[in-house]
Amino acid sequence: MIEFIDVVKSYPEGNHALRGVNMQIADGEFCYLVGPSGSGKSTIIKLITGEIRPSSGSVHVNGYSLERIRKNEVPFMRRTVGVVFQDFRLIANKTVYDNVAFAMRVIGARDREIKERVPYVLELVGLDSKATRHPNELSGGEQQRLAIARALVNNPSTIIADEPTGNLDPALSLEIMTLLQEINNLGTTMLVVTHAQDLVHEFNKRTIVINDGLIVSDAMSGENAYEI
Ligand code: ADP
């Protein structure tokens with residue numbers, strides 16, 4: 001579960017990025033977080049990954065409490081969250097297979113586990129036939145799938161997808177959103193951060209709308225995404 005209680009985040013320059021955010025995302029939920037540029041979306045992601053700490057308030061992530069967590073526990077907390085970055089962050093000189101396998105190697109997974117898990121995840125995202133290709137031989141949609149496979153491979157309880165359709169045309173965007181829903185159906189909590197209001201509206205899922213550091217709407221459908 002992810003829980004924010006009265007979370008305020010001010011940056012040193014005095015920017016108030018979050019001004020008292022309360023939200024709870026239960027295990028297994030699918031949730032959109034939408035808001036215009038500068039509204040605080042990235043700040044929420046960075047708090048969930050433990051990259052930054054709140055100025056005040058509490059952040060709880062999958063059993064860890066950000067204000068109480070010890071430094072040596074942070075890597076374990078991070079493993080509970082897979083992030084699909086907006087710019088994919090793929091490794092150009094590694095194959096599709098090795099991009100995914102690498103994410104397992106860095107946390108010390110055994111070869112046998114890697115050999116079992118990587119093909120499974122590549123099949124799940126529909127890239128099994130491209131395992132030996134390099135990222136520059138993939139289409140934009142395929143690169144996005146690879147980024148999703150990598151976020152998924154260590155079996156996190158939560159996935160955060162940051163603008164997953166930012167660089168994709170509408171048909172591919174739909175495909176990626178459908179894939180994220182399929183992954184959610186397998187039990188992974190999904191937080192999709194986007195300003196793609198049309199898509200949010202179409203999928204009719206829980207949608208948290210943030211504006212100027214405050215949650216202005218939290219509804220079980222995408223209807224209110226148009227409020228901003
Ligand atoms: P979004 O992801 O919705 O575009 P952000 O969370 O990046 O919004 O930013 C929220 C507010 O915090 C903005 O006013 C932004 O300028 C400010 N901000 C974000 N990061 C920093 C930082 N490292 N230092 C100072 N201000 C920041």
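Counting starts at 1 for both ligands and their atoms, in listed order.
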Is the backbone N or O of Pro36 less than 3.5 Å from a side-chain atom of Lys41, with the two atoms forming a donor-acceptor pair by type?
yes

Give the residues near ligand 1 by chain and number, with the criterion being a heavy-atom distance under 4.0 Å.
Tyr11, Glu13, Asn15, Ala17, Pro36, Ser37, Gly38, Ser39, Gly40, Lys41, Ser42, Thr43

So which pairs with a foot in residues 17-33 pass side chain to side chain donor-acceptor pair (under 3.5 Å), sequence neighbours left out?
Glu3-Gln24, Asp6-Asn22, Arg19-Asp212, Glu29-Arg206

Pairs touching residues 155-179 that satisfy salt bridge (charged side-chain N to carboxylate O under 4.0 Å, His left out), sequence neighbours left out:
Arg145-Glu175

Which residues pass the side-chain contact (heavy atoms from CB on, under 4.5 Å) test with Ile107, not counting sequence neighbours?
Arg79, Asn154

Is the positively charged end of Arg89 above the ring of Phe85, judged by distance under 6.0 angstrom from the centroid and angle within 45° of the axis?
yes

Any sub-3.5 Å donor-acceptor pair from Thr49's side-chain atoms to Ile45's backbone N or O?
yes

